[in-house]
Amino acid sequence: MTADLLIDRDRLGPGVLEVTFNRPERRNAFTKAMYGELRALWEQTAADRSVGVVVLRGAGGKAFAAGNEISDFLEADAVEYENWIREMFDRLWSLPQVTIAAIDGVCVGGGLAVATHCDLRVATAGSRFGYPIARTLGNALSGSVLYRCQAIFGESLTREMLLASRLVAADRAHGVGALAAVVPDADGLDAEVADLAAGIAQASRVTIETTKHQLLTRAQPAEASPPDEEALLREVYGGPDFAEGVRAFLAKEKPAFGR
């Protein structure tokens, strides 16, 4: 792993693999290199029987992850890049181990996509969740990422996140079952994750892996992207709103979307 991804083993208990997104100066926004390393890590972890729990977290105390590094979209076909990222989500989602997103701060964009592809989510009380892309980039989510958010947060909060560009507070997320627990601070987050991991370590791996397989098998067809999605997304990513969103983001200005 590079310095942008930190790996710890057994800090929170035997068999616990911690992955820390380590770009606090950029609120842990994901780069293409980070996504590539995560893809490879999930392939390795799937075959590692010494790992029972995978914990994902962000460095710095301000963000789990605040989306993607936007400049990476300028260096590749944006739709193909999104498809490639989605393959990483699928690898994370299908891991046989229990995956936990330990969230301390803002969890938006690609960060929220990662969190919703984990089995469990715990967060500090000040954490917030959302996809404010209608006000920032003028792009759109892939269907499978959108439907995964809906499965975790429910349709009403998903619509609020995307249509009203509102961030959802941790207490509201916990109220709809999107979070397993809300804790006061980072120390409480470690304690809650360690407690979850200790319980998982005592559980039957057969039960866990079978249950994960059953849930995945049921969810994948229901959350698949519609067949015409690539053409739709190409219109979005090739359109004026996304061009303006990227320009404004890189210039640190507010975008002026067309009406």
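A perpendicular orientation is assigned to the rings of Tyr35 and Tyr81, their planes being inclined by more than 60° (bins at 30° and 60°).
Atoms CG and CE, from Leu38 and Met34 in turn, are 6.5 Å apart once rounded to the nearest 0.5 Å. In this structure, CD1 on Ile208 lies 15.5 Å from NE2 on His213, to the nearest 0.5 angstrom. Within the model, atoms CZ of Arg247 and CG of Leu137 stand 12.5 Å from one another, a figure rounded to the nearest 0.5 Å. Note: Phe153 CZ to Leu179 CG = 6.0 Å, rounded to the nearest 0.5 Å. Atom OG in Ser156 sits 11.0 Å away from atom CE in Met161 (nearest 0.5 Å). One distance of note links CG of Asp241 with CG of Asn139; it measures 10.0 Å at 0.5 Å rounding.
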- request: Report the C-alpha separation of Val114 and Phe30 in whole Å, then their side-chain angles, then the decisive distance to 0.1 Å, and conclude whether the side chain to side chain contact (heavy atoms under 4.5 Å, CB included) test is met.
  value: CA-CA 10 Å; Val114 167; Phe30 296 117; 3.9 Å; yes
field: Verdict with supporting geometry, Phe129 and Ile103, side chain to side chain contact (heavy atoms under 4.5 Å, CB included)
entry: CA-CA 10 Å; Phe129 307 83; Ile103 300 156; 3.6 Å; yes
- request: Begin from the C-alpha positions of Val183 and Val122 and carry the test side chain to side chain contact (heavy atoms under 4.5 Å, CB included) through to its verdict.
  value: CA-CA 8 Å; Val183 297; Val122 296; 5.9 Å; no
message: Pair Arg91, Glu87 - check side chain to side chain contact (heavy atoms under 4.5 Å, CB included), show working.
response: CA-CA 6 Å; Arg91 284 171 169 79; Glu87 291 173 0; 3.5 Å; yes
message: Go through it in stages, so that I can follow the logic: the residues are Glu230 and Arg86, the test is salt bridge (charged side-chain N to carboxylate O under 4.0 Å, His left out), and I'd like the CA-CA distance, side-chain angles, deciding distance and then a yes or no.
response: CA-CA 13 Å; Glu230 183 157 335; Arg86 193 164 66 244; over 6 Å; no
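Contact check on Glu155 versus Arg159 returns a salt bridge, with a Lys/Arg side-chain nitrogen under 4.0 Å from an Asp/Glu carboxylate oxygen. Under the 4.0 Å criterion applied to side-chain N and carboxylate O atoms, Lys62 and Asp104 are not assigned as salt-bridge partners. Using a cut-off of 4.0 Å between Lys/Arg side-chain N and Asp/Glu carboxylate O, Glu69 and Lys32 are scored as not salt-bridged. With salt bridges taken as basic N to acidic carboxylate O contacts below 4.0 Å, none links Arg26 and Asp4. Under a 4.0 Å N-O distance rule, the pair Asp119/Lys212 qualifies as a salt bridge. The residues Asp90 and Arg39 are annotated as not salt-bridged, no charged nitrogen and carboxylate oxygen being separated by less than 4.0 angstrom.
By the 4.5 Å heavy-atom criterion applied to side chains, Ile7 and Leu41 are counted as neighbours. Contact of the Ile200 side chain with the Gln97 side chain is not registered, since no non-hydrogen atoms from C-beta on lie closer than 4.5 Å. No side-chain heavy atom of Val55 sits less than 4.5 Å from a side-chain heavy atom of Val19. Taking 4.5 Å as the limit, every side-chain heavy atom of Phe64 sits out of range of all side-chain heavy atoms of Ser127. With a 4.5 Å cut-off on side-chain heavy atoms, Arg11 and Val16 do not count as touching. Looking at heavy atoms from C-beta onward, Glu192 lies in side-chain contact with Leu196 at the 4.5 angstrom threshold. In this structure the side chain of Thr124 never reaches within 4.5 angstrom of the side chain of Val182, judged on heavy atoms. Residues Glu223 and Trp93 meet the side-chain proximity criterion, which asks for heavy atoms closer than 4.5 Å.
Under 3.5 Å, the side chains of Asn22 and Thr20 contain no donor-acceptor pair of N or O atoms. Donor-acceptor pairing under 3.5 Å is recorded for the side chains of Ser50 and Arg9.
Taking all atoms of both residues into account, the shortest heavy-atom contact from Asp190 to Arg57 is OD1-NH2, 2.7 Å. Nearest heavy atom pair, residue Phe257 against residue Ala134, reads CE1-O, 3.3 Å. Shown here for Phe89 and Ala113, the closest heavy-atom pair between the two residues is CZ-CB, 3.5 Å. Asn28 and Ala65 make their closest contact through O-CB, 3.5 Å (heavy atoms, listed as atom of the first residue, atom of the second, distance). In terms of heavy atoms, Leu157 sits closest to Val168 at CD1-CG1, 4.0 Å. Closest non-hydrogen pair, Ala115 versus Cys107, comes out as CB-SG, 3.9 Å.
For CZ of Arg166, the number of neighbouring non-hydrogen atoms (other residues, nucleotides, ligands) closer than 6.0 Å is 12 at most. Residue Arg234 places its CZ atom among more than 12 non-hydrogen atoms of other residues, nucleotides or ligands, all under 6.0 Å distant. Atom CZ of Arg128 has 12 or fewer neighbouring heavy atoms from other residues, nucleotides or ligands inside a 6.0 Å radius.
Qualifying salt bridge (Lys or Arg N to Asp or Glu O under 4.0 Å) partners for Glu229, counting only residues two or more places apart in sequence or in other chains: none.
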